[in-house]
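The structure under discussion appears below in the form of structure tokens.
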Amino acid sequence: PGTIQPPKYSNDDLTNIYQTLYETSLKLSESSDPGMVAASLMAIGSRIYKTILTPEDYDRIMERILKTDVQPYKKETLQWTK
């Protein structure tokens with residue numbers, strides 16, 4: 001009840017969007033603090049989810065994000081400005 005089924009996206013579409021955002025983020029990280037880039041991406045993603053999801057689904061996805069174990073990028077991949 002109230003749960004939206006996620007649309008089925010092609011792997012090619014997802015890969016293309018991910019790669020484009022990743023490359024853009026790397027470029028921005030060369031001239032800006034990578035933390036600012038990450039914070040901006042998180043804020044944009046949260047706003048998009050808030051727009052397209054029910055409040056319950058938004059809370060569920062944010063909880064899933066919080067609990068998902070991710071591996072860091074190799075530090076030499078990002079151009080740290082500090």
Side-chain angles (χ1 to χ4, degrees):
T3 300
I4 297 172
Q5 289 298 320
K8 302 292 183 206
Y9 300 115
S10 78
N11 282 338
D12 287 344
D13 288 343
L14 288 170
T15 299
N16 182 45
I17 290 171
Y18 178 90
Q19 194 62 34
T20 300
L21 289 171
Y22 178 73
E23 290 171 11
T24 301
S25 298
L26 283 179
K27 275 190 176 170
L28 288 169
S29 293
E30 290 174 0
S31 59
S32 302
D33 182 335
M36 289 190 334
V37 176
S40 297
L41 290 169
M42 289 288 296
I44 292 166
S46 295
R47 289 185 74 179
I48 292 170
Y49 280 141
K50 198 72 144 160
T51 301
I52 65 173
L53 298 175
T54 65
E56 296 81 15
D57 286 340
Y58 176 83
D59 289 345
R60 272 195 285 277
I61 201 161
M62 296 310 283
E63 185 69 22
R64 178 176 277 188
I65 290 168
L66 179 66
K67 291 182 177 180
T68 299
D69 184 32
V70 295
Q71 297 300 312
Y73 288 116
K74 295 177 185 172
K75 284 195 178 181
E76 60 268 14
T77 302
L78 297 176
Q79 300 298 315
W80 295 95
T81 59
K82 291 183 177 184

For the atom pair [atom1] ([X]) and [atom2] ([Y]), what is the distance rounded to the nearest 0.5 Å?
X: T68; Y: E63; atom1: OG1; atom2: CD; value: 9.5 Å
X: R64; Y: D57; atom1: CZ; atom2: CG; value: 11.0 Å
X: Y73; Y: S25; atom1: OH; atom2: OG; value: 8.0 Å
X: I61; Y: I52; atom1: CD1; atom2: CD1; value: 7.5 Å

Open item on the list: Connecting only ILVMFWY residues whose side-chain heavy atoms lie within less than 4.5 Å of each other, what is the rest of L21's hydrophobic cluster?
Closed with: I17
Task: Transitive ILVMFWY side-chain link L26 to M36, under 4.5 Å - done: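 Not linked; separate clusters.
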Could I get the full list of side-chain contact (heavy atoms from CB on, under 4.5 Å) partners for [X], not counting sequence neighbours?
X: T51; value: none
X: I44; value: I48
X: Q19; value: Y22, E23
X: M42; value: none

TODO: Mind checking side chain to side chain donor-acceptor pair (under 3.5 Å) for D13 and listing every partner two or more places apart, or none if nothing turns up?
DONE: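 Checked D13 against side chain to side chain donor-acceptor pair (under 3.5 Å); matches are S10.
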